[in-house]
Amino acid sequence: MPELPEVQTIASDLDEIVGGRVIEAAAVTYPKIVAGDAQAFLALVTGARIARVERLGKWIRFSLEAPRSPHPPKKRGGPTPPPNPAALLVHLKMTGQFGLGPWPAEGPWPPHAHAAFRLSGLPPERDTLFYRDMRKFGRLRAFGVADLAAFLAELDQGPDPLTVPGEEFHRRLVARRGRLKAVLLDQTVIAGLGNIYVDESLFAARLSPLRAAGTLTPDESARLLAEIRRILNLAIAARGSTTSNYQGLKGGGSFQFSHQVYGRANQPCPVCGTTIQRLVIAGRSTHLCPLCQPGLSPGPTGC
C-alpha cells in the first residue's frame, strides 16, 4: 500500500499535469470502486474544475470548483440544483494507480481501469485520467461542501508527521496503550505513516517497535520525530519506494535501495552487523536489529 512519500509523489505529479483542468466527461465501469451512488458521483464531478491536487494523510484530494456555468438558484416548485463540488478523494489501497491515455469512446479501456476523467487542454492521446486497480480495493469519493466536512470529521485523521508539533506528537504517542509500531501505524494518531517508514524510522531512532508507546520520554519522542521527518523527506525526494505496484504519473521511486532494515530479514545490520529479524506486530511484518533497537525479546515465534 502506498505510504506518505508515494502518495505525496502521486499527488504532486497529478497536480502538475491535471491541476487547473476541467473534467469534461467522466465514466465508471466498476460502480463498486465509487463509494455511494455512481451516477451521483459522475454528476458531481462532471464539469468541475480541478483547482489543485494534494495529499491528505494517505488520501489523494482533488479540490474541485463549481462548473463555469453553474445551475441557477432553485426556484419555488422547481428541481433542486446539485450541490457545488468540493473534492474528489481517492484512497489507492494496495494496487490503485493513475495513468493517462485517450478517451475510450467506443474502444476498449486500459487493463484494470475502472474510472475515467476526460480533461480539458490536453492532447487527445493523453486527455483522459484513468484510475486503475487490479485488486479493486481502492475507493473514489466525491463530495459537496457539507458532505466533505462531515466525512473528514468522521475520518478523524491524526496530524501529519511532517507538520505536527513535537509536543503534540509526544502527547499522542504516550496517551495510547500498545506497542510503538502499532501506535505509529494508527492513522488516528498520526496520518500517513505505514509499514516501510515506521520500520525505517524506528531503526534510525534506535527504538524497538516492541516498546510500549506510553513509556517514551520527551527526548525519545523528539528523536523519533526528527528521524521520521528526515526519512520521509529523503523518500519524497527519491519519489518513494517501488517495492510492488506503486508508480506515479512520471514513474516509480528509488528509495527502496536506501532501506536499512525493511525487507532485509536475515541480512546483516548496516550499522553493527547483527542479523536483522522479522516479526509480526499488529498483523504487520516488522523488521528490526535486536542490538541497535534494544527492547523486549521477540521470543522464538515473534510477537
Side-chain angles (χ1 to χ4, degrees), residues 1-6 158 161-162 164 166-187 189-244 246 253-303:
M1 180 184 296
E3 301 178 25
L4 188 153
E6 293 77 46
L162 294 176
V164 61
E167 297 82 359
E168 182 179 356
F169 179 75
H170 176 70
R171 185 170 63 252
R172 284 176 167 270
L173 290 187
V174 299
R176 295 298 182 105
R177 298 181 63 184
R179 287 173 169 157
L180 189 52
K181 170 74 179 273
V183 171
L184 289 169
L185 290 176
D186 186 340
Q187 299 300 294
V189 177
I190 298 292
L193 295 176
N195 216 28
I196 294 173
Y197 300 104
V198 168
D199 280 5
E200 291 295 305
S201 298
L202 288 172
F203 173 74
R206 303 299 187 257
L207 293 170
S208 171
L210 295 161
R211 176 89 172 265
T215 66
L216 259 65
T217 67
D219 285 346
E220 288 173 326
S221 292
R223 185 170 79 242
L224 175 58
L225 182 58
E227 292 298 343
I228 288 172
R229 288 175 172 165
R230 181 182 67 84
I231 288 169
L232 290 178
N233 281 315
L234 288 172
I236 290 169
R239 295 182 56 82
S241 301
T242 296
T243 59
S244 182
Y246 153 70
S254 59
F255 193 71
Q256 65 273 18
F257 301 114
S258 299
H259 293 172
Q260 300 294 290
V261 290
Y262 182 82
R264 300 187 68 245
N266 300 318
Q267 297 182 39
C269 169
V271 173
C272 70
T274 302
T275 300
I276 293 171
Q277 295 184 4
R278 176 190 175 277
L279 53 145
V280 177
I281 299 175
R284 306 300 302 274
S285 178
T286 300
H287 304 81
L288 75 157
C289 171
L291 184 60
C292 292
Q293 299 167 265
L296 297 173
S297 170
T301 59
C303 175

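Side-chain atoms are counted along with the backbone in the values below, which use heavy atoms only and exclude waters and symmetry mates. Given the structure is predicted, the values throughout are model-derived calculations rather than measurements. Residue numbers count from 1 along this sequence.
Annotation: cation-pi geometry not satisfied between Arg172 and Phe169 (NZ/CZ under 6.0 angstrom from ring centroid, within 45° of ring axis).
When side chains are defined from C-beta on, Val183 counts as touching Leu173, because their heavy atoms get closer than 4.5 Å. Here the side chains of Leu234 and Phe255 are in contact, with some heavy-atom distance below 4.5 Å. At least one side-chain heavy atom of Glu220 sits under 4.5 Å from a side-chain heavy atom of Arg211.
The nearest pair of heavy atoms linking Pro294 to Ser208 is O-CB, 3.5 Å. The nearest pair of heavy atoms linking Val198 to Leu193 is CG2-CB, 3.9 Å. A pairwise comparison of heavy atoms in Lys181 and Asn195 identifies NZ-OD1, 2.8 Å as the closest pair. Smallest separation of non-hydrogen atoms from Pro161 and Ile190: CD-CG2, 3.6 Å. For the pair Ser221 and His170, the tightest heavy-atom approach, listed with the atom from each and the gap, is OG-ND1, 2.7 Å. The two residues Gln293 and Leu207 make their nearest non-hydrogen contact at NE2-O, 2.9 Å.
Distance CD1/Ile276 to CZ/Arg264: 4.0 Å, rounded to 0.5 Å. For the atom pair CZ (Arg278) and OH (Tyr262), the distance works out to 9.5 Å, reported to the nearest 0.5 Å. With values rounded to the nearest 0.5 angstrom, Ser285 atom OG is found 10.5 Å from Ile196 atom CD1. Of the inter-residue distances, the one linking Glu200 atom CD with Ser241 atom OG reads 8.0 Å to the nearest 0.5 angstrom. Note that the CG atom of Asn266 and the OG1 atom of Thr275 stand 7.0 Å from one another [nearest 0.5 Å]. Considering OG1 of Thr217 and CG of Leu224, their distance stands at 10.5 Å, rounded to 0.5 Å.
Not a single salt bridge (charged side-chain N to carboxylate O under 4.0 Å, His left out) links Glu167 to another residue, sequence neighbours left out. Residues passing the salt bridge (charged side-chain N to carboxylate O under 4.0 Å, His left out) test with Glu3, sequence neighbours excluded: none.
A donor-acceptor contact shorter than 3.5 Å is absent between the side chain of Thr242 and the backbone of Gly240. In this structure, Arg239 contributes its side chain and Ile236 its backbone to no donor-acceptor pair below 3.5 Å.
The pair Arg223-Glu227 fails the salt-bridge criterion, with no side-chain N (NZ, NE, NH1 or NH2) lying under 4.0 Å from an Asp/Glu carboxylate O.
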